[in-house]
Structures are given as structure tokens and as C-alpha cells.
Amino acid sequence: VADSTMYHAKSMGRNNVQFYGDIVHLKSIGREHMAIQTRLNHAVLGNELQVFYQPIVNARTGQVSSIEALARWHDDSVGWITPQLFIPMAEKLGLISELSEQITVQALTKLRGWRDRGFMQPLALNVSRNLLFSPRFVRNLIKTVEEFKLRPADVIVEITESLALTDQARQSRHLKQLHESGFKIAIDDFGTGYSSLSQLHDMPIDILKVDLSFTARLNNESGRRIMQAIVQMSHALGLDVVVEGVETLEAARFLQGLGVELMQGFHFSEPVPAGVCELYLQLGLDGKI
Ligand code: C2E
Ligand code: MG
Ligand code: MG
Ligand code: MG
């Protein structure tokens, strides 16, 4: 694992929990790496992982358009550990399907509660490459959604671009199956893989999430032109566009000028505990753009 692996530190903000990167080098706990794997195993089996929620905002209205569930792990001795570390670890240890199931159940429990209080926004779940190989995963997801008396259309399945555009027949069959069952499919981190327009056109995709690395480059002219091209292409393909990593008002305004309605990022909110997300559902995030 790279030395630059980040552990996120927790600090209380005004009305939410912030995960700015206090960087701890993994090297300093190198000998404890095995211990961390053991503790992840323990945390997953003990159902100790948590879910935070980040709103995807309609910047025109300030209302929450959908909500992304993001896994969080707090270890007593290390602190908050980023999913960029523990998701790949869980995949390696064969824990990903158990982990994913727990995140799904926790998040759908919240979604059920929000529905019962009249909030109709869909929930986005991140799905690992490994899981899309498994017919069991597809069956379980459909079953779990039914058990919560929710509809597949209440759930957005987020998969990363490299996965979505793979030519693995089995994976794309499962993706089509999910889509035909009514789930919405989003391509996550778009722009980081290798896709062609024709591939995108053939995929069962509803939403394109533009990777935050493009948003970070809006401060120069070529970055702005690339963003404009991506947005135009997505709209031409009839896809909904979400731009990730919107951290500033300037970025939000520029994107609005391009016709982007759906945005996600620290400018609107970091991932927050369910209770804070519910406040957003009630109050919206007006006045921020
Ligand atoms: P992702 O799905 O692309 O999620 C977006 C990531 O960007 C999140 O990091 C979020 O906290 C961060 N982010 C949001 N707004 C901003 C912003 O304005 N600026 C910056 N710099 N970052 C922003 P997080 O929560 O650390 O998650 C990292 C990745 O871990 C996710 O990327 C996703 O691929 C994976 N992940 C998280 N939860 C799960 C899960 O339950 N299952 C699976 N399979 N993967 C997960
Ligand atoms: Mg995602
Ligand atoms: Mg992303
Ligand atoms: Mg990502």
C-alpha cells in the first residue's frame, strides 16, 4: 500500500462532521498492517461499519436530488480510515460482499424512514467491481429492496467507468439485468477510464458522474473547455450529468452556466451522518449558489 494512503481525521464542524485529510503515513503503522486486516475483519463481522450520506444537489433549486451512501470505518486505535484503503482491503480479504450487504441494509433502513416521512429522493450505492461478477449479488439486491418495500427505481447503482466498460460478458449481463429490473445505473468517476462514445451509447446507463479531477481543473481555460465538452457529450447522449468535487461557488456558477443542474461536493456538503442529511431533506440547501 502506498505511503501516501490517507487516514481521515474527524473534527467537528458547525453542523456536520468533517473529514479533512490529516495525513498519517501508513509506513508508521507498517507493522500493524496485519493487525488492521484483522480489525477490519472484526469490524465487518461485528457490523461496526457506518454509512455517511452526501447530497447530490439540484443547484438550480437548492434541493437534494439524490443521496450517496459512503462507507465509513472508525477504528479505536487508528481513528477514521478512508474507504480508499479499506474497500480494496475488504475485496482482497473476501469481505466485500458482507460489507456491501451491511452498507446496503443500513442505507436502505434510512431510506425507508425518509420515504415514510415523504422524502422521495433516490439513494446511490457504490458497487465494487468484484460484486458485479456474482449473480448472487444481483439477486440479493433485488430481494433486499423488496424487503424494505422500496422499488428498484429508488436505488442508483454507481459503478466506476473502468468496470462499466469492461467487455466481461457476465458483468455487463448483470448490469443489464439490474437496469431492466428498474435500478438506475450511474457511471462513477467518469473520465478516468477509457471509453468511446459508441461504448457509452451501448451501455445501460442513466447518469454520468464526472470525476472530481476535472472539476479541480476549472481554474484554467483548457480545463473549462474539457468540462464543457464532457457536459455537451453527456447531454447529447441523453444522460443526466452529475459533477463531483464541486468545492467553490465559482465552480458551481460556471457549471450552472454550462447547463449542469446536478452537483456534489464540499461547497454544498461533505458526507454527513444520517441525521444531518435528514435536515438537508427538510430544509434544502438553498442560498448556497
Ligand atoms: P466515490 O464513489 O467517487 O465517492 C466520492 C468521494 O469523493 C467520496 O470519498 C467523497 O467524500 C469525496 N468528495 C465528495 N465531495 C468532494 C469534494 O468536493 N472534494 C473532494 N476532494 N472530495 C469530495 P470517500 O467517501 O472517501 O470515498 C472514496 C471512494 O470509496 C468512493 O468514491 C467509492 O469509490 C469508494 N466507496 C465508498 N463507500 C463505498 C461502499 O460502500 N462500497 C464500495 N464498493 N465502495 C465505496
Ligand atoms: Mg460514488
Ligand atoms: Mg466518484
Ligand atoms: Mg471515486
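Note that ligands are numbered from 1 as they come in the structure, with each ligand's atoms numbered from 1 the same way.
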Quick look: R72 vs ligand 1, heavy-atom contacts under 4.0 Å, and the answer is side chain
Quick look: L125 vs ligand 1, heavy-atom contacts under 4.0 Å, and the answer is neither
Contact region, L212 to ligand 1, non-hydrogen atoms below 4.0 Å, reads side chain
Here the vertex angle at the Mg ion (ligand 2) for OE2 of E68 and OD2 of D188, given to 10°, is 180°
| query | Does any N, O or S atom in E158 come within less than 2.8 Å of the Mg ion (ligand 3)? | reply | no
Going by the 4.0 angstrom heavy-atom rule, the piece of I103 near ligand 1 is side chain
The answer for which part of E270 has a heavy atom under 4.0 Å from ligand 1 is neither
Answer key: the N, O or S atom of D189 nearest to the Mg ion (ligand 3) is OD1
Checking heavy atoms under 4.0 Å, the part of P271 that sits near ligand 1 is side chain
Any heavy atom of K209 under 4.0 Å from ligand 1? The part involved is neither
A student checking ligand 1 against E247 at a 4.0 Å heavy-atom cut-off should list atoms 17 (C), 18 (O), 19 (N), 20 (C), 21 (N)
Going by the 4.0 angstrom heavy-atom rule, the piece of N126 near ligand 1 is both
* To do: Taking the six-membered ring of F119 (Phe, Tyr or Trp), confirm whether the NZ or CZ of R117 is under 6.0 Å from its centre and within 45° of its axis.
  => no
